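Structure first, commentary second.
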Amino acid sequence: MDISTRLAPGLCLKNPVLSASGTFAYGEEFSRMFDLSLLGGVVTKGLSLLPSEGNPTPRVCETPCGMLNAIGLENIGIDAFIEEKLPFLGTFDTEVIVNFFGTAEDEYAQMAQRLDIEGVSAIEMNVSCPNIKKGGIEFGKDPQILNRLVAKVRKSTTKPLVVKLSPMVTHIGEMALAAQEGGADALTCSNTFPAMAIDENTLRPMLGNVTGGLSGPAIKPIALRIVWEVSRQVSIPVIASGGITSWKDAVHFLLAGASAVEIGSASLRDPLCFGAIIEGLIRYMQDKGLESISDIIGRLQTA
Amino acid sequence: MDISTRLAPGLCLKNPVLSASGTFAYGEEFSRMFDLSLLGGVVTKGLSLLPSEGNPTPRVCETPCGMLNAIGLENIGIDAFIEEKLPFLGTFDTEVIVNFFGTAEDEYAQMAQRLDIEGVSAIEMNVSCPNIKKGGIEFGKDPQILNRLVAKVRKSTTKPLVVKLSPMVTHIGEMALAAQEGGADALTCSNTFPAMAIDENTLRPMLGNVTGGLSGPAIKPIALRIVWEVSRQVSIPVIASGGITSWKDAVHFLLAGASAVEIGSASLRDPLCFGAIIEGLIRYMQDKGLESISDIIGRLQTA
Amino acid sequence: MKECSALVKDNRRVGQDTYLMTLECEFSPFTPGQFLMLRLTGTCEPFLRRPLAILSYRERAIELLYKVRGGGTSLLAGTKKGEALSVLGPLGKGFSDPKPEEEAVYVAGGTGLPPILALAEKTRRGRLIIGARTRDDIPLWNRMQNIAGVEPTATTEDGSLGIRGVATQALGDLLETIQSPCVIYACGPTGMLKQAARLAQGSGARCEVSIEEHMACGFGVCSACVVRTTTGNQKVCTQGPVFDASCIEWGI
Amino acid sequence: MKECSALVKDNRRVGQDTYLMTLECEFSPFTPGQFLMLRLTGTCEPFLRRPLAILSYRERAIELLYKVRGGGTSLLAGTKKGEALSVLGPLGKGFSDPKPEEEAVYVAGGTGLPPILALAEKTRRGRLIIGARTRDDIPLWNRMQNIAGVEPTATTEDGSLGIRGVATQALGDLLETIQSPCVIYACGPTGMLKQAARLAQGSGARCEVSIEEHMACGFGVCSACVVRTTTGNQKVCTQGPVFDASCIEWGI
Ligand SMILES: Cc1cc2nc3c(=O)[nH]c(=O)nc-3n(C[C@H](O)[C@H](O)[C@H](O)COP(=O)(O)OP(=O)(O)OC[C@H]3O[C@@H](n4cnc5c(N)ncnc54)[C@H](O)[C@@H]3O)c2cc1C
Ligand SMILES: Cc1cc2nc3c(=O)[nH]c(=O)nc-3n(C[C@H](O)[C@H](O)[C@H](O)COP(=O)(O)OP(=O)(O)OC[C@H]3O[C@@H](n4cnc5c(N)ncnc54)[C@H](O)[C@@H]3O)c2cc1C
Ligand SMILES: Cc1cc2nc3c(=O)[nH]c(=O)nc-3n(C[C@H](O)[C@H](O)[C@H](O)COP(=O)(O)O)c2cc1C
Ligand SMILES: Cc1cc2nc3c(=O)[nH]c(=O)nc-3n(C[C@H](O)[C@H](O)[C@H](O)COP(=O)(O)O)c2cc1C
Ligand code: FES
Ligand code: FES
């Protein structure tokens with residue numbers, strides 16, 4: 001049985017299960033619980049040029065079948081990552097996908113350039129960040145701005161380039177095409193949904209940052225629709241993200257057209273879920289008599 | 001204690017709790033369970049000019065802390081409503097808000113005109129429908145199209161006009177302002193989120209229509225953020241809709257800036273929840289020593 | 001119809017994936033074919049209630065017979081004595097009684113047994129055909145054999161109990177032997193219902209079928225549960241679940 | 001640290017909204033101040049695990065003492081003997097032992113008792129101050145009185161048990177009577193910890209505080225639980241929850 005999956009020229013995962021950015025840090029903690037070589041790939045916490053301290057606490061809060069986070073992209077910065085974390089990740093037989101963000105086009109391009117080094121399998125651009133120059137409009141909300149950004153980053157690296165889309169847009173297909181035309185090798189669909197929670201006793205928001213991003217099973221039906229919609233409009237592979245907790249969820253996203261899946265919030269509550277998801281997927285393929293993961297990808301029957 | 005709330009000139013609800021469109025039919029079934037005069041108002045199932053048969057089954061499906069529906073706006077049509085249902089609703093001491101939709105501007109305008117009759121307290125426009133003339137683009141997805149539509153409907157009726165927004169847009173504030181400038185008296189934020197679910201055994205979608213709308217507690221954190229965002233940008237009242245199941249949820253939406261709340265999916269699982277929500281709200285105000293609902297509306301502390 | 005809190009008195013496995021649950025609550029008299037909507041309490045999962053036919057109600061005890069299919073029914077299978085559930089019902093329209101001159105034939109397959117059994121236990125006359133894949137899929141066979149006035153027949157696809165074959169085959173054979181006016185009551189998979197309707201039409205028998213459709217509310221407000229009939233869409237939860245078979249548009 | 005399935009052996013109310021839970025599982029030795037992340041099984045609600053300090057672990061039995069605050073802890077209060085929970089731990093850094101020459105003073109308030117009690121039961125020497133609003137808010141008072149070598153003092157705001165007043169007042173008074181080097185261990189509301197830190201600084205005592213912050217993972221991967229220290233953000237779940245009080249930026 002072949003469960004490997006191709007994301008870009010030169011980037012083939014041994015299985016379609018990835019960690020998601022921001023819920024796996026840089027791999028060290030999870031490596032104490034299981035062998036990271038189990039995974040199709042590791043996606044790191046989102047990095048910026050300089051270290052960043054993030055938002056005030058509380059930074060997380062429980063919601064019905066999900067959670068809010070407003071970490072504020074706290075990270076150790078690209079230098080510390082390359083020096084202290086990347087070599088460790090290199091000791092595992094898995095792909096290393098480095099997630100990153102910036103607040104200006106140049107910053108994104110610079111990051112991409114710096115990450116064009118050995119040990120990095122691919123880079124994943126998080127475009128849910130405000131473009132400070134354009135008055136705070138998120139890069140991920142306007143197709144033209146996104147297209148220009150992706151094209152610029154594309155020129156700055158030889159690595160496979162993954163663009164992680166923001167879900168909360170009117171025409172997700174346009175955003176996907178803008179990224180594809182800018183030169184993305186693959187798309188991740190999608191990031192968290194802007195949301196909030198309130199404490200009726202204190203009359204205050206539950207998060208220090210007022211609003212945060214909704215993730216977890218609650219958003220899965222929306223994320224699934226987005227993957228289905230996007231994967232039929234683009235010709236590049238789609239990586240699914242949003243509420244995946246079980247092998248069944250993984251199968252649903254593959255059927256909808258994803259070539260791989262990222263597991264985020266679910267791994268916070270159940271750090272050993274990765275193995276269970278991979279095993280479940282293999283059992284499913286055995287039960288259905290499927291030889292290859294490509295017999296699942298996009299095979300949703302709608303007629 | 002004053003729990004009445006004002007939605008438009010001449011439209012004041014005795015309490016802020018409304019049914020939502022599509023989960024209350026035309027009131028008859030619920031009237032067998034409790035006195036509809038309990039409610040601040042009743043919002044009817046969405047009506048169209050002609051009766052409509054809706055989508056193939058299955059039309060609903062369970063999701064984590066929520067549900068999908070793809071009823072397809074099945075309804076008895078405006079004539080049957082006015083003749084058979086409206087008189088019955090008139091026997092209760094509650095406001096009757098009639099939800100409606102069309103597939104062309106003229107249709108919306110015609111509906112508004114037909115509903116400009118006694119017994120109708122206000123009309124609520126559902127703009128999550130494709131504009132057939134504009135190649136299927138939803139009225140609720142483009143601010144210019146929305147503005148024109150609202151302005152046209154505004155001219156066709158003397159009733160308070162509520163516009164119910166679609167949540168899945170890039171800039172919800174722009175849509176809200178477009179509706180306000182078109183002449184809306186109030187906004188409902190918001191409708192369901194386009195989503196889907198898949199059966200891994202049959203490889204088919206769970207809904208006959210493939211995609212459907214996500215509602216229930218799962219979407220509450222997103223709906224709450226939308227209400228908060230919109231209510232700070234417009235000067236007209238906002239009615240909240242999305243995942244409200246308890247009096248606490250109702251308080252959260254009021255704190256975020258809503259002037260009233262609609263209860264949809266929650267009333268399918270718990271048809272008696274309306275009374276519990278109103279009572280809980282009153283108890284909350286007593287505990288906090290609040291005299292008027294306006295002491296809650298928009299009183300979220302973010303500083 | 002009303003909403004009430006019910007306590008689990010008993011919840012036991014009585015067949016392959018099939019459970020018999022007894023709930024204690026102050027319910028209302030019901031007509032066989034009517035159902036209730038069940039909800040776990042203290043949790044928002046499953047979000048929607050689940051429809052189950054009423055097998056019996058007497059002396060503050062409701063009996064339900066259900067098969068574990070997905071998330072909701074497997075959580076239900078895990079509930080223990082003393083737990084509280086929320087019950088909404090009785091809902092929908094049940095079966096009509098057989099007319100005095102009619103010979104009654106009951107046909108059940110899959111999860112269709114409870115309303116059929118309830119009806120046979122009420123009328124106490126006629127013949128009951130229960131069809132399944134194998135003997136383990138036929139719960140309460142003893143109980144069916146002990147309804148005075150009702151003659152039960154089992155059909156199994158593997159021949160492990162009763163006649164080898166499917167229920168509608170046995171129904172066809174039976175109908176050929178009946179001369180008097182006849183009424184068929186059927187509940188089970190759509191294919192079975194359709195075939196029963198065809199046999200009824202062929203033999204001139206009256207036929208009532210109880211239809212399953214995905215439901216959200218169960219009391220007529222959401223329009224989830226429609227079935228196509230000769231007079232347009234009808235709601236299974238309020239205008240059914242029992243319909244005259246000749247009104248249903250069975251499709252291809 | 002490992003993930004394991006634990007069975008509820010006991011779960012009883014021991015005070016105002018406070019429960020003592022005993023779990024059976026093959027856990028690991030722990031340092032007082034360490035915690036575990038608990039999750040209900042078979043349900044996706046609550047979605048996140050909840051952090052609770054370890055009160056004791058011996059002979060395959062973990063003791064937890066928790067106060068019902070919101071949704072998660074009230075579901076926990078409803079769990080019954082025999083139910084399975086998922087346990088992740090032991091997590092974080094615990095308290096250091098008092099040095100031989102140090103006099104140990106333990107201060108607990110609110111939900112801060114479990115790690116402090118665990119430490120006193122380990123060291124078996126020093127003085128323990130437990131502060132609460134009223135006597136009903138002090139669980140396990142008998143147990144505190146029976147730790148050989150540990151002298152307990154209760155403070156209540158209404159004077160219903162022990163000294164009327166707050167724990168840090170009693171701490172201040174106590175510190176004035178101690179001449180030898182001293183170490184303070186504190187867990188409770190932030191205001192209390194801050195005051196303990198100030199008193200320690202004033203008297204030259206060493207002070208370790210166990211800090212609470214909202215957590216999602218509990219093992220260092222999500223960056224939810226940071227606290228500001230003199231060397232920048234630190235993660236409460238892995239670099240704490242026990243910190244040297246002099247490193248914490250208490251804010252205004
Ligand atoms: C009027 C009526 C009476 C019924 N009586 C009985 C009964 O007495 N005993 C019994 O075992 N079953 C009965 N059913 C079927 C039962 O409601 C479903 O098996 C149950 O809802 C499945 O829930 P689940 O969460 O386990 O499955 P899910 O995970 O929700 O779905 C599993 C499968 O069950 C079916 N299903 C799901 N939801 C519904 C629904 N709301 N209505 C119908 N089918 C559904 C679908 O085929 C689905 O693919 C009845 C259904 C109806 C409509
Ligand atoms: C390291 C550590 C050890 C702890 N040990 C204990 C203990 O031994 N006994 C005990 O009773 N409590 C302890 N707590 C606090 C306990 O974790 C919270 O009371 C619990 O998580 C609240 O969950 P809930 O679902 O009931 O409340 P929620 O409904 O989630 O929230 C209610 C309130 O509880 C607080 N809270 C919520 N989540 C957290 C969280 N993850 N961390 C801290 N506070 C939170 C917030 O103030 C919130 O407003 C500890 C917390 C930490 C961080
Ligand atoms: C605590 C937390 C931190 C996150 N940080 C990042 C990040 O740094 N960069 C990024 O692109 N996405 C980030 N995400 C989004 C996740 O990678 C993922 O796309 C999202 O949570 C949806 O998937 P899930 O439902 O599986 O969690 C974060 C999510 C969480 C919960
Ligand atoms: C079964 C169903 C039917 C609905 N039909 C309509 C409709 O006809 N018109 C409309 O504007 N909204 C309709 N809605 C949306 C609801 O009115 C409501 O805005 C949405 O479900 C979110 O609220 P909730 O989470 O409380 O259900 C429908 C929702 C459901 C679940
Ligand atoms: S289930 Fe709602 S109308 Fe039948
Ligand atoms: S709770 Fe996740 S890093 Fe501490």
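What you see is a predicted model, and the numbers here were worked out from it, not measured in a lab.
Proximity to chain D (any heavy atom under 4.5 Å) is shown, for Ser265(A), by both the backbone and the side chain. With a threshold of 4.5 angstrom between heavy atoms, Thr43(D) approaches chain A through N, CA, C or O but not through any side-chain atom.
Expressed to the nearest 0.5 Å, how far SG of Cys222(D) lies from CE of Met67(A) amounts to 6.0 Å. For the atom pair CG of Leu272(A) and OG of Ser86(D), the computed distance is 8.5 Å after rounding to the nearest 0.5 Å. Note: Thr57(A) OG1 to Asn233(D) CG = 9.0 Å, rounded to the nearest 0.5 Å. Interatomic distance, Phe24(A) CZ to Cys217(D) SG, rounded to the nearest 0.5 Å: 12.0 Å. Within the model, atoms CZ of Phe47(D) and SG of Cys61(A) stand 12.5 Å from one another, a figure rounded to the nearest 0.5 Å.
Between chain D and the options Gly264(A), Ala218(A), Pro64(A), Gly216(A), the largest number of non-hydrogen pairs under 4.5 Å is found for Pro64(A). Looking only at heavy-atom pairs under 4.5 Å with chain A, the residue among Met1(D), Met37(D), Glu45(D) that has the most is Glu45(D). Interface summary for chain A: among Lys2(D), Arg228(D), Glu213(D), the most heavy-atom pairs under 4.5 angstrom belong to Glu213(D). For chain D, the option among Ala70(A), Cys65(A), Pro58(A) with the highest count of heavy-atom pairs below 4.5 Å is Cys65(A). Chain D forms the most heavy-atom pairs under 4.5 Å with one residue out of Arg59(A), Glu29(A), Glu62(A), and that residue is Glu62(A).
Not one N or O on the side chain of Glu3(D) forms a donor-acceptor pair closer than 3.5 Å with the backbone of Pro271(A). In terms of modelled atom types and a separation under 3.5 Å, the side chain of Arg269(A) and the main chain of Arg49(D) share no donor-acceptor contact. No donor-acceptor pair closer than 3.5 Å links the side chain of Arg39(D) to the backbone N or O of Asp270(A).
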With salt bridge (charged side-chain N to carboxylate O under 4.0 Å, His left out) as the test, would you mind laying out the steps for Glu74(A) and Lys235(D) before giving the verdict?
CA-CA 12 Å; Glu74(A) 169 164 357; Lys235(D) 290 176 190 162; over 6 Å; no
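The number of heavy atoms from other shown groups lying within 6.0 Å of CZ (Arg206(D)) is above 12. Heavy-atom contacts from other residues, nucleotides or ligands closer than 6.0 Å to CD of Glu84(A) number more than 12. Other residues, nucleotides and ligands place no more than 12 heavy atoms under 6.0 Å from the NZ atom of Lys248(A). The environment of Glu26(D) atom CD is dense: over 12 non-hydrogen atoms of other residues, nucleotides or ligands sit within 6.0 angstrom.
Across all non-hydrogen atoms, the minimal contact from Ala224(D) to Val60(A) is CB-CG1, 3.5 Å.
The closest side-chain heavy-atom distance from Arg32(A) to Phe219(D) is not below 4.5 Å.
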